[in-house]
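Working notes, beginning with the structure itself.
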Amino acid sequence: MSYPFQKIEKKWQAFWEKNKFYQAKDFDKKPKKYILIEFPYPSGDGLHVGHVRSYSALDAVSRKKRMEGFNVLYPIGWDAFGLPTENYAIKKGIHPSIVTKRNIAIFKKQLKSLGLSFDWSREINTTDPEYYKWTQWIFLQFFKHGLAYQAEMPINWCPSCKIGLANEEVIDDKCERCGAGTEKRKIKQWLLRITKYADRLLKDLDTVDYLEKIKIQQQNWIGKSEGATIKFPILMTSDVINIEIFTTRVDTIFGVTAIVIAPDHPLVDKLSVKDRDEVKKYIGIAAKKSDIERTEAEKEKTGIFTGSYCLNPANGEKIPIWVGDYVVAAYGGGAVMMVPAHDKRDYQFAKKYNLEIKEVVSGGNIDSEAYVDYGVLINSGRFNGLKSEEAIKKIIEWLEKKDSGKMTIQYKMRDWIFSRQHYWGEPIPIIHCEKCGTVPVPEKDLPVKLPFVKKYEPSKTGESPLAAITEWVNTKCPKCGGPAKRETDTMPNWAGSSWYFLRYIDPKNKKSFADFKKLQYWTPVDLYNGGMEHTTLHLLYSRFWHKFLYDIKLVPTPEPYAARRSHGMVLAEDGRKMSKSFGNVINPDEIVKNFGADTLRMYEMFMGPFDQMISWNTQGVVGLFRFLNRIWQLKEKIKIGKKISYPAEPETLLHKSIKKISEDLDDMKFNTAVSQLMILANNLEAREKLPISVYETFLKLLAPLSPHIAEELWQQLGHKKSIHLEKWPEYNSRLIKEEQFDLVIQINGKFRDKISVSQGITKEEATELSASQEKTQNWLKDKKVIKTIFVPGKLINFVTDDTSFET
RNA sequence: GCCCGGGUGGCGGAAUGGUAGACGCACAGGACUCAAAAUCCUGCGAUCGCAAGGUCAUGAGAGUUCGACUCUCUCCUCGGGCACCA
């Protein structure tokens with residue numbers, strides 16, 4: 001017979017909800033903790049066991065923090081705009097708003113069956129006009145501060161979704177959402193000027209506690225590099241035009257044997273081209289390819305000579321100008337100087353097209369391969385003999401004086417393309433007037449509600465489906481009152497998620513997105529957990545929005561999240577991703593039904609290190625179910641123990657466990673916390689009598705990870721108050737130290753024996769005692785001890801003169 | 001090609017310079033049962049040995065150290081990311 005998990009889980013879930021003690025109190029006297037988990041996208045597939053993993057983990061942290069006396073905010077909501085819903089709606093012929101509503105209802109029911117301590121009173125939904133009103137409002141602030149702008153520019157175009165994609169949304173040459181190959185297309189797009197914040201987004205990483213790998217990834221994404229912009233004047237009869245290139249290796253400038261510009265570089269048209277048709281053909285082919293296709297590493301680099309030349313400002317040499325599709329227009333001005341001797345890619349290119357390879361940094365053998373490291377300059381005129389580092393400084397100074405170059409900082413990060421030609425998103429609150437131009441919708445007219453229409457398929461023209469709703473599009477200009485048209489693009493789903501954590505703080509506010517005093521109380525978020533896949537998109541975007549809001553004095557902190565951790569994905573039993581098409585999806589409802597929410601949660605905490613990817617194992621679930629059943633049986637021991645008085649046992653293991661579990665929960669090492677609970681439970685089980693105080697402490701340690709059974713057993717003891725309102729146990733550091741410990745005896749670093757000795761043993765005592773042991777004497781026979789290493793509280797190691805027999 | 005993570009029993013993993021394999025799963029033997037399930041007890045890296053015990057073993061190889069799963073280098077391999085970033 002298993003314990004009645006179904007009954008008790010429902011009972012306590014209802015009890016907790018009725019008594020509202022997971023509701024966070026604004027301005028409470030207790031110190032605050034804001035614990036945040038990425039809110040789910042309510043897809044039609046329902047809750048994934050991966051959701052359960054991170055939500056349970058952060059729930060355990062939240063529950064422990066409450067028990068430690070904090071006023072905890074652990075909220076939840078729905079990130080519901082976006083393509084999956086729209087695609088599903090199109091396929092099934094159901095309006096996205098209805099699909100969303102239905103999916104949320106399913107998710108909510110599933111989440112509630114897990115007994116997570118979310119503050120449901122603060123639930124938010126990005127598709128709620130009361131919510132997206134403020135998303136639009138923030139966009140208007142960006143617009144008013146010149147950080148939102150429109151530009152006609154090449155974008156990634158997905159021919160299947162019929163939508164423009166940000167670079168960030170193109171994965172392996174393919175559309176992130178539908179998997180179709182992308183191509184290039186020019187469309188007028190809204191962009192957010194995230195590059196203006198590049199330096200601060202980079203620098204302020206020093207002020208936050210993120211996992212190191214998250215910081216590294218953000219740093220690499222922002223990609224600051226210091227170098228120089230150099231002007232190469234084009235040799236033409238008429239006016240002086242320069243090609244500006246960016247390089248981090250000015251020290252190799254005397255080795256330049258060509259300049260390569262991107263096919264879409266604006267100067268291409270101005271060059272006097274030798275064989276215009278041929279060049280045009282090359283450019284035409286290049287234009288069709290996506291960035292990733294063009295710049296693919298394995299692919300052979302191609303290019304074509306234009307027929308024009310320019311001058312190397314360093315030595316006055318005549319340099320041919322080429323067009324190469326591996327040069328990206330959006331980075332570093334879309335032109336590079338080619339130094340075959342000292343760049344692998346250039347070397348390859350030069351070999352292919354028979355360009356000169358001119359060595360200017362010594363140290364390698366350029367006959368066989370490019371030498372890319374720093375070295376000493378040669379063939380570089382007055383700079384010969386200088387080391388690369390020094391030469392870079394000197395050459396830039398020199399070029400600066402000649403007005404041929406200057407120090408430049410480049411970032412890899414580009415501005416954020418913010419337009420989507422889709423229905424299921426926040427309308428961009430802009431009105432286009434022929435007379436007044438681009439006019440923001442007055443704030444009093446917000447929200448610009450998404451009109452409810454029957455047809456929401458993307459139009460084949462690439463325009464948003466909203467463009468077809470003439471009665472919505474045609475409006476009056478707020479400035480001049482004349483006829484005008486609404487912007488029909490919508491926002492990407494990153495918009496609503498860029499600031500949602502601020503809305504939890506004041507979810508019902510009608511006057512502002514959140515009251516400043518409340519923001520002062522709750523921000524920054526103390527702990528934010530999410531997937532690694534959001535490190536460079538969502539995490540960076542929301543930091544950007546927050547910094548902007550900070551600059552216009554609407555939020556009190558420069559950074560939104562004080563700490564960021566990440567969880568690993570949960571894969572299927574076969575090691576693949578869970579997917580309907582593989583038929584390997586685990587439905588959390590089934591586990592809850594058969595074993596209970598506590599078992600599911602405990603299993604997911606125990607299955608492996610939280611930050612690593614892991615495969616599901618249904619067999620493993622049983623182990624945790626057994627464990628909870630054994631805990632259920634433990635109470636039988638209490639009845640016996642109560643009647644008899646007994647001497648207090650030294651509670652070393654209990655106190656060690658309190659310490660270990662407390663630290664593990666803080667460090668998000670949930671698997672070893674559960675393991676320690678098992679060790680402690682085994683110990684309690686093995687006892688003749690179980691003191692009630694020890695049992696109660698055990699239940700408290702169990703409570704964050706397995707809240708229902710802990711509550712039930714707690715209240716069975718006659719307590720009227722919830723265990724989740726109890727104080728978290730503290731350990732007594734005196735009780736952790738055992739008087740005796742096992743001293744390990746090593747001979748030449750190998751374990752040979754151990755003896756039980758008292759804590760304060762000195763090196764002399766330990767040496768004498770160990771040496772007198774029979775085993776030790778056998779091992780040391782005929783050998784001379786030349787060194788003795790003593791590590792207090794741990795071991796003693798005898799090093800002998802002859803180790804040949806040992807190794 | 002570059003960047004970031006991994007690689008430890010049959011399996012998930014533990015141990016961040018000091019007894020490798022905690023804890024759990026699977027498996028085997030036993031108890032209980034008419035029987036099965038559940039539960040409980042015992043064993044469980046490989047190898048030699050009757051045993052005591054020894055030897056080998058943390059992807060491979062080298063190095064540092066009294067001592068290396070842990071630190072350093074080279075390589076292999078799996079996973080993830082990428083925008084050839086000049």
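So that the names make sense, note that chain A is the first sequence line, chain B the second, and so on, each numbered from 1. The structure presented is a predicted model; accordingly, all values stated were derived computationally and were not measured.
- For the pair Thr672(A) and C23(B), the criterion of a side-chain N or O lying under 4.0 Å from OP1 or OP2 is not met.
- Side-chain proximity of Ile614(A) to the nucleotides G24(B), G12(B), U19(B) is greatest for G12(B).
- Across all strands shown, C27(B) is found opposite G43(B) as a Watson-Crick or G-U wobble partner, with both distances under 3.5 Å.
- Residue Asn682(A) is classed as a sugar-phosphate contact, given heavy-atom separations below 4.0 Å to backbone atoms only.
- Taking atom CD of Glu212(A) as the reference point, atom P of C3(B) lies 16 Å away to the nearest angstrom.
- Nearest nucleotide to the side chain of Ile789(A), out of G13(B), C85(B), C66(B): C66(B).
- Distance from the side chain of Ile679(A) is smallest to A22(B) among G24(B), G18(B), A22(B).
- Donor-acceptor pairing under 3.5 Å, judged by distance alone, is absent between the side chain of Gln217(A) and the base of G81(B).
- Nearest-nucleotide positions on RNA chain B place Ile222(A) closer to the 5' end than the other of Asp343(A) and Ile222(A).
- Each of G12(B), G13(B), A83(B) was ranked by its minimum atom distance to the side chain of Phe606(A); first place goes to G12(B).
- As judged by a 4.0 angstrom heavy-atom cut-off over every strand, Met413(A) is placed among the base-contacting residues.
- At the phosphate of C66(B), OP1 or OP2 sits under 4.0 Å from a side-chain N or O atom of Lys787(A).
- When rounded to the nearest whole Å, the span between CD of Gln633(A) and P of C40(B) equals 9 Å.
- With a cut-off of 3.5 Å on both Watson-Crick or G-U wobble distances, the partner of A35(B) is given as none.
- The CD1 atom of Ile631(A) sits 16 Å away from the C1' atom of U39(B) (whole-angstrom rounding).
- Comparing Tyr411(A) and Asn220(A) along RNA chain B, the residue whose closest nucleotide (by nearest heavy atom) sits nearer the 5' end is Asn220(A).
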Given Asp611(A) and His567(A), is the side chain to side chain donor-acceptor pair (under 3.5 Å) satisfied, shown in steps? CA-CA 4 Å; Asp611(A) 62 344; His567(A) 57 260; over 6 Å; no

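- Side-chain proximity of Gln619(A) to U55(B), C25(B), C23(B): nearest is C25(B).
- One atom, NZ of Lys215(A), and another, P of G81(B), lie 24 Å apart when rounded to the nearest Å.
- Aromatic ring centres of Phe544(A) and Trp494(A): separated by at least 6.0 Å.
- When heavy atoms are screened at a 4.0 angstrom cut-off, Asn671(A) is found touching the sugar-phosphate backbone but no base atom.
- The nucleotide whose nearest atom lies closest to any side-chain atom of Asn797(A) is, among A86(B), G67(B), C23(B), G67(B).
- His534(A) and His538(A) have perpendicular rings, their planes meeting at more than 60° on a 0 to 90° scale where under 30° would count as parallel.
- Here the nucleotide nearest the side chain of Gln746(A), chosen from A14(B), C23(B), G18(B), is G18(B).
- Its glycosidic angle being within 90° of 0, G9(B) falls on the syn side.
- Between Tyr353(A) and Trp322(A), the distance separating the two ring centers is shorter than 6.0 angstrom.
- Here the side chain of Val336(A) is nearest to one of C66(B), A83(B), A86(B), namely A86(B).
- Whole-Å rounding puts the Met569(A) CE to C4(B) P distance at 20 Å.
- C73(B): Watson-Crick or G-U partner is G61(B), with both key distances under 3.5 Å.
- Asp415(A) has its CG atom 15 Å from the C1' atom of A83(B), to the nearest Å.
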Chi angles and distances behind the ring-ring contact (aromatic ring centres under 6.0 Å, His included) call for Trp416(A), Tyr197(A): CA-CA 12 Å; Trp416(A) 171 9; Tyr197(A) 282 77; over 10 Å; no

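- Remark: U16(B) base-pairs with no nucleotide; criterion is Watson-Crick or G-U wobble with both hydrogen-bond distances under 3.5 Å.
- Remark: Arg752(A) is not in phosphate contact with C66(B), judged by side-chain N or O atoms under 4.0 Å from OP1 or OP2.
- A 3.5 Å limit on both hydrogen-bonding distances identifies no Watson-Crick or G-U partner for A86(B).
- Summarising the geometry, the separation between CG on Leu795(A) and C1' on A68(B) is reported as 14 Å, rounded to the nearest angstrom.
- Within 4.0 Å (heavy atoms only), Thr535(A) reaches no atom of the nucleic acid at all.
- The two residues Ala60(A) and Phe670(A) come nearest to each other via the heavy atoms CB-CE2, 4.4 Å.
- In this structure, Ile745(A) CD1 and Leu769(A) CG are separated by 7.5 Å, a value rounded to the nearest 0.5 Å.
- For Lys750(A), a side-chain nitrogen or oxygen approaches OP1 or OP2 of C56(B) to under 4.0 Å.
- Note on Arg626(A): a side-chain N or O is less than 4.0 Å away from OP1 or OP2 of C25(B).
- With rounding to whole Å, Ile245(A) atom CD1 is found 13 Å from C85(B) atom C1'.
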